[in-house]
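By convention in this document, chain letters (A, B, ...) are assigned in the order of the sequence lines, proteins followed by strands, and residues within each chain are numbered from 1.
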Number of protein chains: 2
Amino acid sequence: MNSKLEKSVDGFVESIGQLGSNLGLNKMAAQLYALLFMSNDPLSLDDMMKRLKVSKGNVSVNVRELEKWGAARKVWVKGDRRDFYKAELDVFKIITERLKTGLTRRMDETLQAIKQAEETIREGGGNFNGKDKKTAKVYRERLEKAKEIYWRLNGLIETASKIIT
Amino acid sequence: MNSKLEKSVDGFVESIGQLGSNLGLNKMAAQLYALLFMSNDPLSLDDMMKRLKVSKGNVSVNVRELEKWGAARKVWVKGDRRDFYKAELDVFKIITERLKTGLTRRMDETLQAIKQAEETIREGGGNFNGKDKKTAKVYRERLEKAKEIYWRLNGLIETASKIIT
DNA sequence: TAGTTCATTCAGAATGTTTAGAACGATGCA
DNA sequence: TGCATCGTTCTAAACATTCTGAATGAACTA
């Protein structure tokens, strides 16, 4: 292949890897996706490992990760028993959904922690006195504020979700 | 301090640490923020290191990181030469801005990589023939598609940004 | 069946990130 | 000035993540 053409794609692949990392995805998976995205023909594991200069094991694991996300799919090439993969080109929604899921889960855990803290304070009830009473009051206020932030973030994610669809 | 009260906050702090990690922030910084957020009085480095059971160096670096972000500020306590910090309670916008900045920078780099690739192909111009000519055509198409995705993501970020304000 | 080619798995190597804690300089005070 | 108490910086260690490459077994061929 024309090495200039190849190099131009390398830059893109590299950049998508960085972007993926920034979004908490695996760099290799992101690079693999970019490579598949730019390729017209499906690629074999060998194609990918040669192109990205990484081990076959690495490609194997990560390309199946992409498949799991719905970002790539295995295709059958007549007369060849190797596995070939091609990119799901319309991946935008898939990735954002994935990011949303991770974030939502963490946020829900935080909401649980907030509720748990509130419960603990409620249990303490009238038993607090002096300094502790004041502290409990501040805690209740802050936890309330934390819940507000939770709901704002939640609304933001929902809105983003709708925009994507 | 009432240890039940303290424990209830610990759960919250822990959870915010996890959430912060998920957003690409430093776990310690996130925990420190949560701790300051819950505290009515400003805290000294010693207070924080004891509470989170981490080294003073660690606290020093990360609390100043928070200050840099505008998420915490140093306050002067009369008659005490130690540094005290308190949380900027309305931190929502600050954090999201920060996340936006990071993401936007990466995306801009990707856009540059796309444009660079396009330029390289354009330079090749009519010199491609046969297989390469076809490849160049596919590349142009895919890069066009990549730009589309870039602009959609960009729009999404902009919209989110407006919602936050 | 023996030999070849493939994908997968997994232990440990390589790499990247975070932390502890010692060393240091600055500040305040007697 | 000498001592005590801070905050900061830095190195090496701990820890977490990612990657390689050898081992394995499945699928195919002659």
Side-chain angles (χ1 to χ4, degrees), chain A residues 13-14 16-36 41-69 71-86 98 102 106, chain B residues 13-14 16-36 41-69 72-86 102 106:
Chain A
V13 166
E14 162 69 18
I16 292 293
Q18 303 285 348
L19 184 58
S21 289
N22 230 52
L23 293 171
L25 308 175
N26 183 290
K27 184 184 150 195
M28 183 52 50
Q31 289 191 340
L32 276 173
Y33 179 76
L35 187 60
L36 291 170
D41 306 319
L43 302 178
S44 70
L45 293 197
D46 272 330
D47 292 335
M48 295 185 261
M49 68 182 283
K50 275 174 197 152
R51 195 62 197 284
L52 298 180
K53 296 241 199 313
V54 292
S55 71
K56 187 181 262 190
N58 200 356
V59 172
S60 174
V61 168
N62 283 295
V63 83
R64 275 178 300 143
E65 194 67 18
L66 283 178
E67 211 186 2
K68 220 188 295 172
W69 300 349
R73 64 176 49 160
K74 205 182 276 196
V75 296
W76 181 64
V77 173
K78 208 160 62 177
D80 200 318
R81 73 185 175 89
R82 286 175 299 173
D83 293 346
F84 286 84
Y85 290 86
K86 70 173 187 178
R98 189 185 145 68
R106 284 290 183 212
Chain B
V13 167
E14 166 66 19
I16 293 293
Q18 302 288 347
L19 184 58
S21 288
N22 229 51
L23 292 171
L25 309 175
N26 183 291
K27 185 183 151 196
M28 183 51 51
Q31 288 192 341
L32 276 173
Y33 179 76
L35 186 60
L36 291 170
D41 306 319
L43 302 179
S44 69
L45 293 197
D46 272 330
D47 293 334
M48 295 184 260
M49 68 181 283
K50 275 174 198 154
R51 195 63 196 284
L52 297 180
K53 298 243 200 311
V54 292
S55 71
K56 185 179 266 190
N58 201 354
V59 172
S60 173
V61 168
N62 284 295
V63 83
R64 274 177 301 142
E65 195 67 16
L66 284 178
E67 210 186 1
K68 219 189 294 170
W69 302 348
R73 65 177 47 163
K74 204 181 277 195
V75 296
W76 180 64
V77 172
K78 209 158 62 175
D80 201 319
R81 73 182 175 89
R82 286 176 298 174
D83 293 346
F84 285 83
Y85 290 87
K86 69 173 188 179
R106 285 291 184 213

Between [X] ([atom1]) and [N] ([atom2]), how many Å, whole number?
X     : N      : atom1 : atom2 : result
A:N22 : C:dG16 : CG    : P     : 17 Å
A:W76 : C:dC6  : CH2   : P     : 17 Å
A:K50 : D:dT20 : NZ    : P     : 16 Å
A:N62 : C:dA7  : CG    : C1'   : 14 Å
B:L52 : C:dT18 : CG    : P     : 16 Å
A:M49 : C:dC6  : CE    : P     : 12 Å

Go through the structure and list residues passing side chain to side chain donor-acceptor pair (under 3.5 Å) with [X], not counting sequence neighbours.
X     : answer
A:K74 : A:D83
B:K68 : B:E65
A:R64 : A:S60

To the nearest 0.5 Å, tell me how far B:L36 CG sits from B:R73 CZ. 12.5 Å

Show me the donor-acceptor pairs, under 3.5 Å and distance only, between side chains in residues 42-49 of chain B and residues at least two apart or in other chains.
unit_1	atom_1	unit_2	atom_2	d
B:S44	OG	B:D46	N	3.4
B:S44	OG	B:D47	N	3.1
B:S44	OG	B:D47	OD2	3.2
B:D47	OD2	B:S44	N	2.9

Of all of residues 25-36 of chain B, which get a heavy atom below 4.0 angstrom from DNA chain D, listed by number? none

Check salt bridge (Lys or Arg N to Asp or Glu O under 4.0 Å) between A:R98 and all other residues, then give those that pass, not counting sequence neighbours. none

For nucleotides 2-12 of chain D, give me one character per nucleotide, 5' to 3': B if any protein heavy atom sits under 4.0 Å from the base, S if the only such contacts are to the sugar-phosphate, - if neither. ---BSSBB---

Tell me the closest heavy-atom pair linking B:V54 and B:V59, and the distance in Å. CG2-CG2, 3.6 Å

I'd like a table of donor-acceptor pairs (distance under 3.5 Å, sequence neighbours excluded) in which one partner is a side-chain atom from residues 21-31 of chain B, with atom names and distances.
unit_1	atom_1	unit_2	atom_2	d
B:S21	OG	B:G17	O	3.3
B:N26	OD1	B:M28	N	2.8
B:N26	OD1	B:A29	N	3.3

